[in-house]
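Input: a single structure, listed below in structure tokens.
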Amino acid sequence: MTAKQTFPWGPAAATGIGSMPGTDVREAVRTVTGSLEALPYLPELPARGPGADMTGRTAGLLAELYVRLEPSGWRIGDRPGADTRRARAWLREDLDALEEFTQGHRGALKVSAVGPWTLAAAVERRNGEAMLGDPGACRDLAASLAEGLRAHLAEVRRRVPGARVVLQLDEPSLTAVLTGRVPTASGYRTHRAVDRAVVEGTLRELVAVAGPDPVVVHSCAPGVPFGLLRRAQVTGISFDAALLTPGEDEALGEAVEGGTALFAGVVPASGDDPAVLSDPAGSVSGVRSLWRRLGLSPELLAKSVVVTPACGLAGASPAYARAALASCVRAATSLADNPE
């Protein structure tokens, strides 16, 4: 990446991961759009119940595949039932709120969906086992997700015509999929590790769905496969910075030098007392240290790094969630003002 290259959200950007507390989507969207000028996003409100969670919302996007809620979780069904209809109704309500509070918005706007491999680990076949255990089912699920995302992204672009839509694929189970650590239904065994080339190819196909628009992959799990994601041609990689190890420095450096943005989760994602967020500049001290270790140009720091909470904010109080987003904005500004 050269100094002249830019991302659509611009330098010194901050954003959230996805979820917000509460059940009032208008209030959540108002908070997000009012707090995040460079990269606002469409929030999820899992407190509303099944279908408003990230897996349920994404399942509602699937084309010609339908899900129903069982005691064990989401399972493929034969027809669109009440659970699918509820998920789609909530998404329409969410998009209505987004359209209302983004009137005149021009610039980056992030929407998220569960990625194909975490979805395959979460959604069950009719026999109760995860779709991950059947390669053909995984291919069908990825194709259905791709078609559903095409329609979803087109709808967002229609509703917010000035937006440059950024697609975030949530893949918290990606490392477990790659290392064979996703448990079977019985819990006594694990599903076989999926070949890395297959994982990479599927992700690359999902990246292509967004066309020229950016795609970010988020994982709040340890061992994010930075190299694989970079080869899959994602624009950015979102992670919990507290989980990084020194052994990942080289992969991070290669990602930045290859033009990949880093969405660094440095602000604590849960809490009740906003006072713990009193040092935004200090929260990104680890990012500065990483930059120095890698020998990267200071002028690339604020251009390459987007500051985020460590994960979603659904477990926080509303006051804390507002303060966390504001802290991310101030931390991102501090990176631009004092990159060294």
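All values derive from a computational prediction rather than experimental measurement.
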Under the criterion ring pair (Phe, Tyr, Trp, His ring centres under 6.0 Å), I'd like the reasoning laid out for Tyr66 against Trp74: C-alpha separation, chi angles, the key distance, then a yes or no. CA-CA 10 Å; Tyr66 311 107; Trp74 293 100; over 10 Å; no
Donor-acceptor contact below 3.5 Å, side chain [X] vs main chain [Y]:
{"X": "Thr175", "Y": "Gly223", "result": "yes"}
{"X": "Asp53", "Y": "Gly51", "result": "yes"}
{"X": "Glu171", "Y": "Trp117", "result": "yes"}
{"X": "Arg125", "Y": "Ile76", "result": "no"}
{"X": "Ser285", "Y": "Ala281", "result": "no"}
{"X": "Asp83", "Y": "Leu69", "result": "yes"}
{"X": "Glu129", "Y": "Ala185", "result": "yes"}
{"X": "Ser112", "Y": "Gly18", "result": "no"}
{"X": "Glu93", "Y": "Val25", "result": "no"}
{"X": "Lys110", "Y": "Val216", "result": "no"}

Intermediate values then yes/no, side-chain contact (heavy atoms from CB on, under 4.5 Å), Tyr41 and Leu109: CA-CA 6 Å; Tyr41 63 97; Leu109 174 65; 5.7 Å; no
Flag side-chain contact, heavy atom, 4.5 Å: [X] against [Y]:
{"X": "Arg75", "Y": "Val67", "result": "no"}
{"X": "Leu174", "Y": "Leu229", "result": "yes"}
{"X": "Asp213", "Y": "Arg157", "result": "yes"}
{"X": "Leu91", "Y": "His152", "result": "yes"}

Side chain to side chain contact (heavy atoms under 4.5 Å, CB included) with [X]: which of [options]?
{"X": "Val305", "options": "Leu300, Val287, Leu290", "answer": "Val287"}
{"X": "Val266", "options": "Ser283, Pro280, Ser327, Pro309", "answer": "Ser283"}
{"X": "Val194", "options": "Val182, Leu132, Thr202, Thr179", "answer": "Leu132"}

Under 3.5 Å, is there a donor-acceptor pair between the Ser72 and Glu124 side chains? yes
Is it true that, when you exclude Arg30 itself, more than 12 heavy atoms of the residues, nucleotides or ligands shown sit nearer than 6.0 Å to its CZ? yes
Residues pairing under ring pair (Phe, Tyr, Trp, His ring centres under 6.0 Å) where one sits in residues 154-182, two or more places apart or in two chains, turn out to be none
Quick note, ring pair (Phe, Tyr, Trp, His ring centres under 6.0 Å) partners involving residues 288-312, not counting sequence neighbours, are none
Any pair with a residue in residues 215-236 that passes salt bridge (charged side-chain N to carboxylate O under 4.0 Å, His left out), sequence neighbours left out, goes on the list, sorted by first then second residue, please. Glu200-Arg231, Arg230-Glu254
side-chain hydrogen bond (donor to acceptor under 3.5 Å, both in side chains) between Thr333 and Arg330, intermediate numbers included: CA-CA 5 Å; Thr333 301; Arg330 292 195 296 272; over 6 Å; no
Does Glu44 form a side-chain hydrogen bond (donor to acceptor under 3.5 Å, both in side chains) with Ser19? I'd like the steps, not just the answer. CA-CA 4 Å; Glu44 301 156 355; Ser19 65; 5.1 Å; no
